[in-house]
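Heads up, the thing below is written out as structure tokens.
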Amino acid sequence: MSITLYHNPRCSKSRQTLELLNEKGVEPEIIEYLKTPPDAQQLEQILTLLGLEPRQLMRTGEAEYKDNNLDDPALSHAQLVQAMVDHPKLIQRPIVLHDGKAALGRPPESVLEIL
């Protein structure tokens with residue numbers, strides 16, 4: 001049972017999600033995405049599994065969002081994905097992948113639906 005957690009240890013929701021998984025006896029593969037960010041292809045796969053558009057996976061309150069004018073409606077899907085590759089801090093967290101499914105841990109309990 002391979003479960004991957006895109007994790008930021010400084011984020012309370014991410015820590016709560018990891019704790020919840022551990023309580024369920026799950027030891028996920030942890031990817032600290034700020035240190036090892038997903039590439040564009042991995043992000044595309046995550047977006048597809050989540051059924052989200054790039055902006056829906058972005059932390060729009062981050063300075064990088066404003067500084068790079070990422071609210072510009074003219075930006076393409078690929079440009080927004082590239083912005084997340086270039087600035088992984090923009091990626092919502094935590095993200096759990098399991099068995100061809102994905103869930104965003106907001107709230108943390110939502111990840112239980114894919115286990």
Side-chain angles (χ1 to χ4, degrees):
M1 177 163 75
S2 173
I3 297 177
T4 303
L5 171 65
Y6 282 90
H7 180 60
N8 178 352
R10 296 184 62 195
C11 169
S12 63
K13 294 286 184 221
S14 203
R15 290 192 310 270
Q16 290 167 9
T17 300
L18 178 57
E19 190 176 310
L20 184 63
L21 289 171
N22 290 161
E23 285 171 7
K24 299 291 180 186
V26 175
E27 290 291 330
E29 173 192 354
I30 296 173
I31 297 174
E32 288 191 35
Y33 71 92
L34 293 178
K35 293 179 183 173
T36 310
D39 62 24
Q41 185 179 1
Q42 290 168 313
L43 267 174
E44 287 287 2
Q45 181 185 18
I46 290 167
L47 287 166
T48 298
L49 292 173
L50 289 170
L52 297 177
E53 289 300 315
R55 268 196 197 92
Q56 294 174 296
L57 191 61
M58 287 181 151
R59 299 172 55 79
T60 57
E62 295 291 342
E64 289 85 349
Y65 188 83
K66 293 176 184 65
D67 294 347
N68 292 286
N69 298 315
L70 297 175
D71 59 347
D72 181 347
L75 291 173
S76 70
H77 178 100
Q79 287 171 308
L80 293 170
V81 168
Q82 190 58 50
M84 286 189 278
V85 171
D86 295 341
H87 308 282
K89 189 175 181 185
L90 290 169
I91 303 169
Q92 277 289 4
R93 69 234 174 193
I95 300 167
V96 175
L97 303 178
H98 171 61
D99 201 22
K101 294 181 249 171
L104 192 55
R106 297 189 161 269
E109 296 75 25
S110 65
V111 304
L112 297 178
E113 297 169 14
I114 67 165
L115 298 184

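Computed over heavy atoms, backbone and side chain alike; hydrogens, waters and symmetry mates excluded.
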- prompt: Can you name the one residue among Arg10, Arg59, His7 that meets side chain to side chain contact (heavy atoms under 4.5 Å, CB included) with Arg93?
  reply: Arg59

query: Under the side-chain contact (heavy atoms from CB on, under 4.5 Å) test, which residues partner Lys13, sequence neighbours left out?
result: Cys11, Gln16, Pro94, Arg106, Pro108

- prompt: Excluding sequence neighbours, so at least two apart, what forms side-chain contact (heavy atoms from CB on, under 4.5 Å) with Gln79?
  reply: Leu75, Ser76

query: Taking only residues two or more places apart in sequence, or in another chain, which ones meet Asp86 in a side-chain hydrogen bond (donor to acceptor under 3.5 Å, both in side chains)?
result: Gln82

Determine all donor-acceptor pairs shorter than 3.5 Å in which one atom belongs to a side chain in residues 48-56; sequence neighbours excluded.
{"residue": "Thr48", "atom": "OG1", "partner": "Glu44", "partner atom": "O", "Å": "2.9"}
{"residue": "Glu53", "atom": "OE1", "partner": "His77", "partner atom": "ND1", "Å": "3.4"}
{"residue": "Arg55", "atom": "NE", "partner": "Tyr65", "partner atom": "OH", "Å": "3.3"}
{"residue": "Arg55", "atom": "NE", "partner": "Leu70", "partner atom": "O", "Å": "2.9"}
{"residue": "Arg55", "atom": "NH2", "partner": "Leu70", "partner atom": "O", "Å": "3.0"}
{"residue": "Arg55", "atom": "NH2", "partner": "Asp72", "partner atom": "O", "Å": "2.7"}
{"residue": "Gln56", "atom": "OE1", "partner": "Glu53", "partner atom": "N", "Å": "2.6"}

message: Give me the atom names and distance for the closest heavy-atom approach of Ile91 to Tyr33.
response: O-OH, 3.3 Å

- request: Only counting residues at least two apart or in another chain, list the ones meeting salt bridge (charged side-chain N to carboxylate O under 4.0 Å, His left out) with Lys89.
  value: Glu62

query: Partners of Glu32 by side-chain hydrogen bond (donor to acceptor under 3.5 Å, both in side chains), sequence neighbours excluded?
result: Lys35

- prompt: Out of curiosity, does Ile30 fall in the hydrophobic cluster containing Leu34 (side-chain heavy atoms, cut-off under 4.5 Å, transitive links)?
  reply: no

- prompt: Sequence neighbours excluded, which residues qualify as side-chain hydrogen bond (donor to acceptor under 3.5 Å, both in side chains) partners of Thr17?
  reply: none

task: Compare every heavy atom of Pro28 with every heavy atom of Asn22, then report the nearest pair and how far apart it is.
output: ND2-CD, 4.0 Å

statement: Taken in chain and number order and not counting sequence neighbours, the residues that satisfy side-chain contact (heavy atoms from CB on, under 4.5 Å) with Pro73 are none

message: Hydrophobic clusters here meaning ILVMFWY residues chained together by side-chain heavy-atom distances under 4.5 Å, can you tell me if Leu18 and Tyr6 are in one?
response: no

task: Output all residues satisfying side-chain contact (heavy atoms from CB on, under 4.5 Å) with Lys24, sequence neighbours left out; order by chain, then residue number.
output: Val26, Leu112

- prompt: What residue among Leu5, Val111, Thr4, Ile114 forms side chain to side chain contact (heavy atoms under 4.5 Å, CB included) with Leu97?
  reply: Thr4

message: How long is the straight-line distance from CE of Met84 back to CG of Leu47, given to the nearest 0.5 Å?
response: 5.0 Å

task: Treat each ILVMFWY residue as a node, draw an edge where side-chain heavy atoms are under 4.5 Å apart, and state whether Leu104 and Leu21 are in one component.
output: no

message: Do Ile95 and Leu90 land in one hydrophobic cluster if side-chain heavy atoms of ILVMFWY residues count as linked below 4.5 Å?
response: yes

- prompt: Has Glu23 got more than 12 heavy atoms of other residues, nucleotides or ligands less than 6.0 Å from its CD?
  reply: yes

- prompt: For the residue pair Ala103 and Ser110, what are the closest heavy atoms and their distance?
  reply: CB-O, 3.9 Å

query: Between Asp71 and Thr60, does a side chain to side chain contact (heavy atoms under 4.5 Å, CB included) hold up when you go through it step by step?
result: CA-CA 8 Å; Asp71 59 347; Thr60 57; over 6 Å; no

- prompt: Can Ile31 be reached from Leu57 by stepping across I, L, V, M, F, W or Y side chains whose heavy atoms are under 4.5 Å apart?
  reply: yes

